[in-house]
Amino acid sequence: KMSVAPEHQVHCDEGLVCTTPALLGASGTCQKPEVTSMQIAVVGEGEECKMSVAPEHQVHCDEGLVCTTPALLGASGTCQKPEVTSMQIAVVGEGEECKMSVAPE
């Protein structure tokens, strides 16, 4: 869950991407990225990221950063270092359910 408050996010483990169906708000599955001629855009801290769009239009944050988005569905975010809190962020492995753009549960 990338477009919700951090305490409700479910991230894929390192090296995996959350592949979601074209249904807005649907959960996805953590998978290894497909090897294609498509180059995944990766940006650094303070730069604009886009995670709730089709994969060919996504802009990911560099390793160690998270895409922090406003509570506006489909809005672009900003790559930032994760805040250090007592909250645990859910991270799941290959084949497990991930959620990128749903409301908090």
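Members clustered with V17: none, using a 4.5 Å side-chain heavy-atom cutoff among hydrophobic residues.
Residues C67 and K50 share a closest heavy-atom pair of SG-N, 4.4 Å. Among all heavy-atom pairs drawn from V59 and V43, the shortest one is CG1-CG1, 3.6 Å. The heavy-atom pair separating T68 from Q80 by the smallest distance is OG1-OE1, 3.1 Å.
On the SG-SG cut-off of under 2.5 Å, C79 and C61 qualify.
Rounded to the nearest 0.5 angstrom, T78 OG1 and E48 CD are separated by 7.5 Å.
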